[in-house]
Amino acid sequence: MGLLLKQAYMLDPNGKQLVRDILVENGKIIALEEQIADKGHREINCRNKWVFPGFIDVHVHLREPGFEAKETLETGTRAAARGGFTTIFCMPNTKPSLDRPELIKRVMNTAARKGAVHVQPIAAITKNQQGEELTDFAALKEAGAAAFSDDGVGVQSSYVMKQAMIKAKALDLPIVAHCEDDTLAAGGVVHEGVFSKRHGLPGIPSDSEYIHVGRDILLAEETGAQYHVCHISTKESVRLVREGKQRGVKVTAEVAPHHLLLCDEDIPCPDPNFKMNPPLRSKADRQAVVEGLVDGTIDIIATDHAPHTEEEKSRGIIQAPFGIVGLETAFPLLYTHLVKTGTLTLAQLIEKMTAKPAEIFGLNKGRLEIGADADLTVVDLELEQPIRPEHFLSKGRNTPFAGWICQGWPVATIVNGEVVWQEQASMV
């Protein structure tokens, strides 16, 4: 017996809206037709709803092992499912950091037992993310690592980064870089700009990011490595990526929803729920990342989901940790504020959340066609409701978007042909 999704809206390869029945069996899409007869299949009524390939998030902090008070593989993947994500990549800044094969295997085994969605672990570039000694890249890849990153800290040594790129190139895996020069950023809590000056807060200057972006693009050009820029936030970084692409460098970039929708002037007060790294930048920076997303300089959208406990985020903006949650709010925020406003088409947004990350990271996913994996997201584009942190499935409640009214909410998520999350009230 299969799963039959009836009368769903979907996009064809040219972005045209179609209405189709979708039949799933044994974890694969086996039919896409105008009408498919019900032969005892489990049926989901998708009338007036859209079915997309399952969303892919290449930048998530699941916190396990070591920080289970913030999030676990179980709670984080449930939050991902509620947000419509069927595949997520988890970052290595755990305790211990994901710098050994047995830790990669531990994450994968736990995710297989308790996780609601596919989890791709990213291994550390350096041992304990100290930026000094490289990890065993080959052993980490064999264990299941999907990429290498010291996310949470920038690799300060150019020599270490170059050697990392050489090793990653030999293994045909990407380097995923948190770009931050500690000598420029140290002590900052928000962007060095309007808000920091108004409140007398130590700032994080833009050059702390783009210095590393420029360095690493040149190293990627020299080594031939596949290089991916995490959570890009400055206009200079966008320009450098654009120029690198024009020169044929294998550089890609992601942007987080909060950097697309907010700037430092939008921060109402020294609220730790507006504290993230990189910080909310200037209006000009926000405009540049939007333009970069539209013109293809920035390839994908990734949430940088970073849950913290309520106690940690209550310490005040100086002492509170960096980071906000994003898995459960990403699509409605982006649909409401980018698609509904005409900045992106629906097809462009879906591509940047599905096909493009699959292409960059070598996944056989992100497509809605016969034979493809049955990782699917059902969305009600007419459903409008406020963001309510108290309803999150994530352990984290730390979001600057509480109370925002958004349209376009996932109502069911399907992984390997199985429904892993469903909003019952919306699926009638």
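Heavy atoms only: backbone and side chains are in, while hydrogens, waters and symmetry mates are out.
- Within the 4.5 Å cutoff, side-chain heavy atoms of M165 are placed close to those of D216.
- Taking the charged nitrogens against the carboxylate oxygens, R106 and E102 have no contact shorter than 4.0 Å, which rules out a salt bridge.
- Comment: E43 does not engage K6 in a salt bridge, judged by the lack of any side-chain N to carboxylate O separation of less than 4.0 angstrom.
- Between the side chain of K49 and the backbone N or O of P410 there is no donor-acceptor pair closer than 3.5 Å.
- The pair E74-R113 does not meet the salt-bridge criterion, since no charged nitrogen lies less than 4.0 angstrom from a carboxylate oxygen.
- Counting heavy atoms from C-beta on, the side chains of M91 and V176 come closer than 4.5 Å.
- Proximity of the aromatic rings of H212 and H178 is defined here by a centroid distance below 6.0 angstrom, and this criterion is not met.
- By the 30° and 60° cut-offs, the orientation of the rings of F361 relative to H228 is perpendicular.
- With sequence neighbours left out, H391 forms a ring-ring contact (aromatic ring centres under 6.0 Å, His included) with no residue at all.
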Exercise for the section: Just do the side-chain hydrogen bond (donor to acceptor under 3.5 Å, both in side chains) check on S233 and E209 with the steps written out, would you? Expected result: CA-CA 8 Å; S233 71; E209 175 180 293; 2.7 Å; yes
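- The pair D373-R367 does not count as a salt bridge, with every side-chain nitrogen at least 4.0 angstrom from each carboxylate oxygen.
- Residues T77 and V119 are in side-chain contact: their nearest non-hydrogen atoms beyond the backbone lie under 4.5 Å apart.
- Taking the side chain as every heavy atom from C-beta outward, R47 and Y9 never approach each other to under 4.5 Å.
- A donor-acceptor pair under 3.5 Å links the side-chain atoms of K352 to the main chain of L293, judged by distance alone.
- Side-chain rings of F195 and H191 stay apart, their centers remaining 6.0 Å or farther from each other.
- R20 has no carboxylate O lying under 4.0 Å from a charged side-chain N of D12, or vice versa, which leaves the two without a salt bridge.
- Side-chain contact annotation: D299 with T252, donor-acceptor N/O pair under 3.5 Å absent.
- Between V107 and C90, some side-chain heavy-atom pair lies under the 4.5 Å cut-off.
- A salt bridge is absent between D99 and K127: the closest approach of a Lys/Arg side-chain nitrogen to an acidic carboxylate oxygen does not fall below 4.0 angstrom.
- Looking at N398, its side chain never comes within 3.5 Å of a backbone N or O of N273 through a donor-acceptor pair.
- No donor-acceptor pair under 3.5 Å is formed between the side chain of K395 and the backbone N or O of P307.
- Residues V378 and T413 form no side-chain contact, since every pair of their non-hydrogen atoms from C-beta on lies 4.5 Å or further apart.
- At a cut-off of 3.5 Å, with distance as the only test, no side-chain donor of H258 or D304 sits close to an acceptor on the other residue.
- Proximity of the aromatic rings of H231 and H59 is defined here by a centroid distance below 6.0 angstrom, and this criterion is met.
- At a threshold of 4.5 Å between non-hydrogen side-chain atoms, the residues M108 and P121 count as touching.
- Note: R78 CZ to L73 CG = 13.0 Å, rounded to the nearest 0.5 Å.
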For residues 331-339, dump all side-chain donor-acceptor pairs below 3.5 Å to protein atoms at least two apart in sequence or in another chain.
from : atom 1 : to   : atom 2 : distance (Å)
T336 : OG1    : P332 : O      : 2.7
T336 : OG1    : Q407 : N      : 2.7
T336 : OG1    : Q407 : O      : 3.0

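- Side-chain contact between L5 and I414: present, with at least one pair of heavy atoms (C-beta onward) separated by less than 4.5 Å.
- With T234 contributing its side chain and S206 its backbone, the two residues share no donor-acceptor pair below 3.5 Å.
- A donor-acceptor pair under 3.5 Å links the side-chain atoms of R397 to the main chain of S394, judged by distance alone.
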